[in-house]
Novice: 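One structure, pasted below without further comment.
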Amino acid sequence: MKVKLPDGSMIEVKDGSTPEQIAREISESLAKRAIGAVVNGELWDLTRPIDTEEVTLKLVLDKDEDAPEFYRHTMAHIMAQAVMRIYGKERVKLGIGPTIEKGFYYDFDIEGVRLSEEDLEKIEKEMKKIIEEDLKIERFELSKEEALEMMKEANQPYKVELIEEITDEKVSFYKQGEFVDLCKGPHLPSTGRIKYFKLLSVSGAYWRGDENRPMLQRIYGTAFAKKIDLEEYLKFIEESKRRDHRRLGPQLGLFTLHPDVAPGLPFFHPKGMVVINELIEFWRGLHREAGYEEIMTPLIMHERLWRQSGHWDHFKENMYFTEKDEQVYAVKPMNCPGHIIIYKSMPVSYRDLPLRMCELGRVHRYERSGVLHGLFRVRGFTQDDAHIFCTEEQIEDEVRGVAQLTDKIYRTFGFKYHVELSTMPEDHMGSEETWEKAINALKRVLDSMDIDYVINEGEGAFYGPKIDYHIEDSLGRPWQCATIQLDFMMPERFDLKYMGPDNVEHRPVMIHRAIYGSLERFLGILIEHFAGAFPTWLAPVQVMIIPIADRHNEYAQKIKVKLEEANLRVDVDTRSHTTSYKVREAQMMKIPYMLILGDREMEHGTVALRLRSGKDLGQIKLDAFIENVKKEIEGRMLTSIFETEE
RNA sequence: GCCAGUGUAGCUCAACGGUAGAGCGGCUGAUUUGUAAUCAGCAGGUUGUGGGUUCGAAUCCCACCGCUGGCUCCA
């Protein structure tokens, strides 16, 4: 057989060779280092014979992109084997054990056993043993009937169910020592080829994600080829915990949660409101510039509006209701119907379009208690919502405008982002032609702006295609925030019209869009993104004045007044504590600037500047300080202006 | 909602069948301090709620409530 290698060269090997044998043809060391292969684009075990005449082959080494698929898959099997050894083959029924983005998991049904985190240690120990045993991993195939029989024999009902659903004639199995599992692979050649792993958590998970099926016990773990990568990942988990907004938020005096009186509804404290108001001010300025007009619509509106909008049929489960005068009112879960009411309350000419209405709309949606999570998943939140009513021809320009606005906003926070475009779903409204046109318009916008995007085929809303923005925070975690959705349905349902130049009524198109998404959630993301150390323009307290002794308090007050006149947010710490103590407190509150005032400063009429980073810049003139900080704030700079100066 | 874990002072945690404790924070006083914790004293709790077992329950059992992780990633 002929084998084409990644460098383009061809070699001839015996028919039915394995990747390992082929590798040996090239070099012995390569054969030793390889952990798997990609054969004609398919992940392939190192020891699995290739039965095609002509193949392209790429060997997979530790550091390759495809490597985790091999060693994490194997790790899942090692874990399953360990669990079976510990709890007994008869009691353990296996679910599935796939690899996931940063690791792997396996679902088990263990008769009479409830796993807890403490059991993980025990399982890890057994896994280490299995790795030491360096068991050979062998692949074999059975016919469906044979496979079914074997799994029935082994009393593995979940596997039986899986096999029944497989359409192929043959089913593959992997065997390592006494452990055999239905699996499509790929796997390492032996259990000794991967060492660095850690089991992370146990949790419940429904069989096949269906809440009507039995709940299995899932163990999550992770594995890496290199020790340092594992350590780094564990550090990442630690760092994520350290930045958790649910801890930082109350600590920094931003917000608190009170699930006993208002589950899923955060309380914002003065400092939190400062940040939110800065976000709003920034947002308002940009929207005014971009030709939006701000509106405000009621929080509760009559049932009949929601019936007309379709929410009654499609969203009722998530809505809150209230009744008075024998009339049912709904707390709004979305802002669009309110905006439509405003649109309909006036005659609209084509000259008025595009009409851009924005609202910081407070919406409420019932979420199941189990999914609530800090500020990320709440029951009441403020959307930076807007609806653009325009003609079909204007769609492209309007979407471009939103994309530019989004870019400007995300850039300010230092977020990288990627974009996804969702196209027509099976169940949709409107003609395919209209969809086609709309999707092409969206594509043209993204292309013209040089924005890369992935297409989610058939993932659009039933009323129109959409663009979703996923931002990436400082730890590389993705968050879906902005969304731009074209809507052909609502204008139809509400019979929206505008008068065209031809003196005939036409139907406008609606664009729903939000950029922060929700202010609450965005604040949560920012807290974690900055680890609570907001850039100065957002910082609740921008400057902390620290007089060294009581005799400096008066001078401190004078400085404070000057800073306030310059519109800075300032606090003075006049408590009877040591300077170190007060510095420490300011540091823990992540206040960008500390001005330390003692005899020397009073004498020279200066301030001693300490940065949040710990840098002590010594005495500087107050005016110079104010001027620079103001420049930093106006520019909404991400790092301190004093950090950049040498 | 479901599964598992968990709930002790404002916060972080100890006590694990025999009188509920520490550090931080708070308050009071002393100290007047030069860049991440000065010292002393005081206050603070129906151990999430309700029931049960027991001579005795924070501790064991049951129910409820809250919180945390997960319930999308398909052999």
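The analysis underlying the following values was restricted to heavy atoms, covering all of them including side chains, and did not include hydrogens, waters or symmetry mates. Treat the numbers as computed from the prediction; the structure is a model and nothing was measured. In what follows, chains carry the letters A, B, and so on, assigned in the order in which the sequence lines appear, proteins first and then strands, with residues in each chain numbered from 1.
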Novice: Could you tabulate the donor-acceptor pairs under 3.5 Å formed by side-chain atoms of residues 528-535 of chain A, not counting sequence neighbours?
Specialist:
{"residue": "A:Glu528", "atom": "OE1", "partner": "A:Arg477", "partner atom": "NH1", "Å": "3.2"}
{"residue": "A:Glu528", "atom": "OE1", "partner": "A:Arg477", "partner atom": "NH2", "Å": "3.0"}
{"residue": "A:Glu528", "atom": "OE2", "partner": "A:His245", "partner atom": "N", "Å": "2.8"}
{"residue": "A:Glu528", "atom": "OE2", "partner": "A:His245", "partner atom": "ND1", "Å": "2.8"}
{"residue": "A:His529", "atom": "ND1", "partner": "A:Ser474", "partner atom": "N", "Å": "2.9"}
{"residue": "A:His529", "atom": "NE2", "partner": "A:Phe413", "partner atom": "O", "Å": "3.0"}

Novice: Starting at the 5' end of RNA chain B, which residue's closest nucleotide do you reach first, A:Glu585 or A:Leu609?
Specialist: A:Glu585
Novice: How would you label the contact of A:Lys159 with the nucleic acid (heavy atoms, under 4.0 Å): base, sugar-phosphate, or nothing?
Specialist: sugar-phosphate
Novice: In whole Å, what separates the P atom of B:G7 from that of B:C60?
Specialist: 10 Å
Novice: Quote, to the nearest angstrom, the C1' distance that separates B:G51 from B:U46.
Specialist: 15 Å
Novice: What contact category does A:Arg610 fall into here, base, sugar-phosphate, or nothing, at under 4.0 angstrom with non-hydrogen atoms?
Specialist: base
Novice: Which heavy atom of A:Pro68 sits nearest to which heavy atom of A:Thr99, and what is that distance?
Specialist: O-CG2, 4.4 Å
Novice: Taking the six-membered ring for Trp, are A:Phe224 and A:Tyr233 closer than 6.0 Å centroid to centroid?
Specialist: yes
Novice: For A:Asp244, check side-chain hydrogen bond (donor to acceptor under 3.5 Å, both in side chains) against everything at least two apart and list the hits.
Specialist: A:Arg246
Novice: With sugar-phosphate meaning primed atoms plus P, OP1 and OP2, does A:His373 contact a base, only sugar-phosphate, or nothing at under 4.0 Å between heavy atoms?
Specialist: sugar-phosphate
Novice: In terms of the nearest nucleotide of RNA chain B, which residue is placed more toward the 5' end: A:Gly209 or A:Arg584?
Specialist: A:Arg584
Novice: For RNA chain B, note the earliest and the latest nucleotide, 5' to 3', having some atom under 4.0 Å of a heavy atom belonging to chain A.
Specialist: B:G1 to B:A75
Novice: Is A:Glu601 close to A:Gln619 at the side-chain level, that is, under 4.5 Å between some pair of heavy atoms?
Specialist: yes
Novice: Taking all non-hydrogen atoms of both residues, which atom of A:Thr423 and which atom of A:Gly458 are closest, and how far apart?
Specialist: OG1-N, 2.8 Å
Novice: Could you measure between the two P atoms, the one in B:C42 and the one in B:G21, and give it in whole Å?
Specialist: 14 Å
Novice: Can you list the residues that meet the ring-ring contact (aromatic ring centres under 6.0 Å, His included) rule with A:Tyr366, with sequence neighbours excluded?
Specialist: none
Novice: Can you check the distance between B:A75 and B:A57, where both ends of the measurement are the C1' atom (answer in whole Å)?
Specialist: 50 Å
Novice: How would you label the contact of A:Glu164 with the nucleic acid (heavy atoms, under 4.0 Å): base, sugar-phosphate, or nothing?
Specialist: nothing
Novice: Sort by first number and list every stem of RNA chain B: at least 3 consecutive Watson-Crick or G-U wobble pairs, both distances under 3.5 Å.
Specialist: B:1-7 with B:65-71, B:10-13 with B:21-24, B:26-30 with B:38-42, B:48-52 with B:60-64
Novice: So what does A:Gln587 touch, heavy atoms closer than 4.0 Å: a base, only the sugar-phosphate, or nothing?
Specialist: base
Novice: Evaluate the side-chain proximity of A:Pro98 to A:Phe104: yes if any heavy-atom separation is below 4.5 Å, no if none is.
Specialist: no
Novice: A:Asp107 pairs by side-chain hydrogen bond (donor to acceptor under 3.5 Å, both in side chains) with which of A:Arg218, A:Arg208, A:Gln217, A:Lys93?
Specialist: A:Arg218
Novice: Base, sugar-phosphate or nothing for A:Arg213? Non-hydrogen atoms, less than 4.0 Å.
Specialist: nothing
Novice: For the P atoms, the ones on B:G45 and on B:G10, what distance do you get once it is rounded to whole angstrom?
Specialist: 8 Å
Novice: Under 4.0 angstrom, heavy atoms only, what part of the nucleic acid is A:Tyr206 near: base, sugar-phosphate, or nothing?
Specialist: base
Novice: Quick one: label A:Tyr220 by what it contacts on the DNA or RNA (base, sugar-phosphate, nothing), any heavy atom closer than 4.0 Å.
Specialist: sugar-phosphate
Novice: Which residues pass the ring-ring contact (aromatic ring centres under 6.0 Å, His included) test with A:Tyr71, sequence neighbours left out?
Specialist: none
Novice: Please classify the nucleic acid contact of A:Leu115 as base, sugar-phosphate, or nothing, using heavy-atom distances under 4.0 Å.
Specialist: sugar-phosphate
Novice: How would you label the contact of A:Arg551 with the nucleic acid (heavy atoms, under 4.0 Å): base, sugar-phosphate, or nothing?
Specialist: sugar-phosphate
Novice: Check every strand shown and say whether A:Thr578 touches a base, only sugar-phosphate, or nothing at a heavy-atom separation below 4.0 Å.
Specialist: base
Novice: Counting the atoms with a prime plus P, OP1 and OP2 as sugar-phosphate, which does A:Pro259 contact under 4.0 Å by heavy atoms, base, sugar-phosphate, or nothing?
Specialist: sugar-phosphate
Novice: Which part of the nucleic acid, if any, lies within contact of A:Gly598, taking any heavy atom under 4.0 Å across all strands shown: a base, the sugar-phosphate backbone alone, or nothing?
Specialist: base
Novice: Counting the atoms with a prime plus P, OP1 and OP2 as sugar-phosphate, which does A:Ile548 contact under 4.0 Å by heavy atoms, base, sugar-phosphate, or nothing?
Specialist: base
Novice: Looking at A:Lys466 and A:Glu459, is any side-chain nitrogen of the basic one under 4.0 Å from a carboxylate oxygen of the acidic one?
Specialist: no
